[in-house]
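For reference, the structure discussed in these notes is given below.
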Amino acid sequence: MSFAFTIPEPSGTPLAVTLDIGQCIFVLGANGTGKSSLMHKFYNAHHATAQRISAHRQTWFSSSSVTLSPEQKRNTETNISNSDTGAQSRWKDDYAAQRANIAIYDLIDAENVRARTIAGAVDNGNIDLAKTLSKKDAPIKIINELLRLSNIPIEISVKQNEQVLASKSGSPPYSVAELSDGERNALLIAASVLTVKPGTLLLIDEPERHLHRSIISPLLTLLFAKRPDCAFIVSTHDVMLPLDNPSARTMLIRGCTYNGSTVTSWDADLVPSESNIDEELKKDILGSRRTLIFIEGDDRSLDQPLYSLVFPNVTVVAKSSCRDVEHAVLGIRSATDLHWLRAFGIVDNDRRTAEDIVRLNGKGVYAVSVYSVESLYYHPEIQRKIAVRHASVTGEDPNALVIAAKNAALAAVAPHVQRLSERAVEKTLRDELDKHWPKQAEISAGRQINITIDVAATVNEEVTALNQTIADGNLEKIISRYPVRETPLLTEIVRKLGFQTRDQYENAVRKLLMDDSVALEFIKSQFGTLVADLALT
């Protein structure tokens, strides 16, 4: 048995999805992307065999006892089913309390049916059948097991007059009406899932709204395992829920199109469960735009906020190293089932050779034209624009500020020429060493290989070049070619331009890029052909 859905897309080509019994799809998207409307569409497509569980809305129990007669229960279910097909059910629920009562009714009824079936077998003298039937756990027992495994320390029981009571960490029983929002929602989700008929399509709306992820994640996973005879669609904001269920597919909802108050199409992509990418990459993809740029650094580094401004229509994801950036871009580009994704990478220049830059470019990874991200923040062109903005407030001469910053920077770097030179040639020396690694034929021949690299001469050559650059007053070349963040140079620039800390200055640079299109275009020009390549469809 399967459920088929057709999702209209803005392009005019619908997304066709089939969900088999035993399968799950997570519908993942931000607020306002049309998830609720899509869940409503799914329900209407199969409402005869579907059940909605509105876990994100406020729920309560009127008491700990069943307050519905069988006839009232059937009538209420009919009313709920009819109401759920209406357009207003997307944002309004007139039956919230009745849903909770029905869940408790079904839970008690399932207990009673089990007890009557076992009793009937005993009355008929069929003890073996009674023993077999008793081995199937009662719903209450299953719920208590699930709650315990989901880190909820409550236990549910049915007492006299069919009262459903709770006990927390061994406390005296109390009414389930007194449960917290999270505990109550966990109980209702579990009761609703465990008591539906086989073959039901279960649509669960935002279960994380009232439940911490440490609770809802194991609870959902356990419920999926308990009901392999049903199909599940779970709407959520939490990107981790799909990752906790790797066998599930994920539908990414990026936006929707309205005609009046009605959603007519959705911008959606489907991430298959069997996608040939690792979990870390899948986490990067979930909730991202269709174009991703992977960069070096972490969420606290200077790279991410700058690149997010420069490339506002993509998702910027930080990776620890150049190697990680390469791996991420290659992983997505080689996954044919993710053809709708476009992946690029940005890495520091670190004085790479032209051959290495071309090699990276061929993989979709772009080396920025300067040594590192600091070279962009502190480029003399950016310093000049910052000085003009700052001087417009203080009344100082912006040219004088720039000259003072330049002189202080050159003086600050002079004592560090030897160390900067040594750091600058590290990669050059490693690249030279790599060129001499023995080839297979040389290894097979067993020939002796001698490698000699004049380290001192290479460093001295770099020292001479850097000293000459300082003498020439070429601050742009120094910032662009050397790891200046390891010197006081940046701090001296900041102070001479009238800022107290580097943070203040770097925030001012980002504000400049928001306001000044010329400055923004200048920064974009430092990424080679990346801007043009991103514009290609």
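Owing to the predicted nature of the structure, the values given are computational and were not obtained by experimental measurement.
At least one donor-acceptor pair under 3.5 Å links the side chain of Tyr377 to the backbone N or O of Leu302. Listed for the His46 side chain is no donor-acceptor partner under 3.5 Å among the backbone atoms of Thr200. Judged by distance alone, the side chain of Gln51 and the main-chain N or O of Val196 form no donor-acceptor pair under 3.5 Å. In this structure, Arg249 contributes its side chain and Ser273 its backbone to no donor-acceptor pair below 3.5 Å. The backbone N or O of Val325 sits nowhere less than 3.5 Å from a side-chain atom of Glu296 that would complete a donor-acceptor pair. In this structure, the side chain of Thr236 engages the main chain of Asp238 through a donor-acceptor pair within 3.5 Å. With hydrogens and angles disregarded, a donor-acceptor distance shorter than 3.5 Å links the side chain of Ser334 to the backbone of Gly331.
Shortest non-hydrogen contact noted between Gly199 and Cys230 is N-SG, 4.3 Å. Closest non-hydrogen pair, Val329 versus Gly345, comes out as CG2-N, 3.7 Å. Pairing each heavy atom of Gly182 with each of Leu211, the nearest pair is O-CD2, 3.0 Å. The heavy-atom pair separating Val263 from Cys256 by the smallest distance is CG1-CB, 3.6 Å. In plain terms, the two heavy atoms of Val239 and Pro242 that are nearest each other are O-CD, 3.3 Å. The minimum heavy-atom distance between Leu149 and Pro218, with the atom names listed, is O-CB, 4.0 Å.
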Exercise for review: Test side chain to side chain contact (heavy atoms under 4.5 Å, CB included) on Leu222 and Ser150 and set out the steps.
Suggested key: CA-CA 9 Å; Leu222 292 165; Ser150 303; 3.9 Å; yes
Practice item. Start with the C-alpha distance between Gln526 and Ser369, add both sets of side-chain angles, then the distance that settles side chain to side chain donor-acceptor pair (under 3.5 Å), and finish with yes or no. Key: CA-CA 5 Å; Gln526 305 299 308; Ser369 64; 2.7 Å; yes
Practice item. Please test Val314 against Tyr307 for side chain to side chain contact (heavy atoms under 4.5 Å, CB included), starting from the C-alpha separation and ending with a verdict. Key: CA-CA 10 Å; Val314 306; Tyr307 296 154; over 6 Å; no
Exercise for review: Could you please spell out the steps behind the side chain to side chain contact (heavy atoms under 4.5 Å, CB included) verdict for Asp205 and Arg52?
Suggested key: CA-CA 8 Å; Asp205 275 317; Arg52 291 177 60 193; 3.9 Å; yes
Exercise for review: Start with the C-alpha distance between Ser180 and Glu183, add both sets of side-chain angles, then the distance that settles side chain to side chain donor-acceptor pair (under 3.5 Å), and finish with yes or no.
Suggested key: CA-CA 5 Å; Ser180 69; Glu183 293 167 342; 3.3 Å; yes
Check your understanding: Are Leu219 and Leu146 close enough, and set up right, to give a side chain to side chain contact (heavy atoms under 4.5 Å, CB included), and what steps lead you there?
Key -> CA-CA 6 Å; Leu219 180 62; Leu146 296 182; 4.2 Å; yes
Review point. What's the verdict on side chain to side chain donor-acceptor pair (under 3.5 Å) for Thr257 and Ser265, showing C-alpha distance, side-chain angles and the deciding distance?
Key: CA-CA 5 Å; Thr257 303; Ser265 64; 3.2 Å; yes
Point to revise | Derivation and outcome, ring-ring contact (aromatic ring centres under 6.0 Å, His included), residues Tyr366 and Phe527 | key: CA-CA 7 Å; Tyr366 298 72; Phe527 297 92; 9.0 Å; no
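Around NZ of Lys524, the count of heavy atoms belonging to other residues, nucleotides or ligands within 6.0 Å exceeds 12.
At a threshold of 4.5 Å between non-hydrogen side-chain atoms, the residues Leu38 and Met251 count as touching. You'll find the side chain of Ile523 stays beyond 4.5 Å of the side chain of Leu309, heavy atoms only. Using a 4.5 Å cut-off on side-chain heavy atoms (C-beta onward), Ile216 and Ile189 make contact. Between Ile156 and Ile154 there is a side-chain heavy-atom pair separated by less than 4.5 Å. Using a 4.5 Å heavy-atom cutoff, the side chains of Gln504 and Asn507 are not in contact. With contacts defined as side-chain heavy-atom distances shorter than 4.5 Å, the pair Pro207/Val234 qualifies. Contact check for Arg502 versus Glu374: side-chain heavy atoms found under the 4.5 Å cut-off. Arg184 is listed as a side-chain neighbour of Leu188, based on a closest heavy-atom distance under 4.5 Å.
At a cut-off of 3.5 Å, with distance as the only test, no side-chain donor of Asn349 or Arg352 sits close to an acceptor on the other residue. Side chains of Asn151 and Ser214: no donor on one and acceptor on the other come within 3.5 Å.
Taking the six-membered ring where the residue is Trp, Phe5 and Phe42 present tilted rings, their angle falling between 30° and 60°.
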Without placing hydrogens or testing angles, list every side-chain donor-acceptor pair under 3.5 Å for residues 24-35, not counting sequence neighbours.
unit_1: Asn31; atom_1: OD1; unit_2: His237; atom_2: NE2; d: 2.6
unit_1: Thr33; atom_1: OG1; unit_2: Ala30; atom_2: O; d: 2.7
unit_1: Lys35; atom_1: NZ; unit_2: Gly29; atom_2: O; d: 3.0
unit_1: Lys35; atom_1: NZ; unit_2: Ala30; atom_2: O; d: 3.3
unit_1: Lys35; atom_1: NZ; unit_2: His237; atom_2: NE2; d: 3.2

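Residue Arg254 holds its CZ atom at 7.5 Å from OG of Ser288, rounded to the nearest 0.5 Å. If you take CD1 on Ile346 and CG on Leu306, they are separated by 9.0 Å, rounding to the nearest 0.5 Å. Taking CG from Asp356 and CG from Asn361, the interatomic distance works out to 10.5 Å, rounded to the nearest 0.5 Å. Note that CG of Asp267 is 11.5 Å distant from CD1 of Ile7, once rounded to the nearest 0.5 Å. Expressed to the nearest 0.5 Å, how far CG of Leu341 lies from CG of Leu292 amounts to 6.0 Å. Atom CD1 of Ile233 is separated from atom CG of Leu201 by 5.0 Å, given to the nearest 0.5 angstrom.
Considering only residues two or more places apart in sequence or on other chains, Ala328 meets the side-chain contact (heavy atoms from CB on, under 4.5 Å) condition with Leu281, Phe294, Lys319.
The one candidate from Thr315, Asp269, Asn313 that meets the side chain to side chain donor-acceptor pair (under 3.5 Å) condition with Arg290 is Asp269.
Look at Asp533 and Arg342 and you find no salt bridge, because none of the NZ, NE, NH1 or NH2 atoms lies under 4.0 Å from a carboxylate O. The pair Arg323-Glu326 does not count as a salt bridge, with every side-chain nitrogen at least 4.0 angstrom from each carboxylate oxygen. Between Asp229 and Arg227 there is a salt bridge, since a side-chain N of the basic residue sits under 4.0 Å from a carboxylate O of the acidic one.
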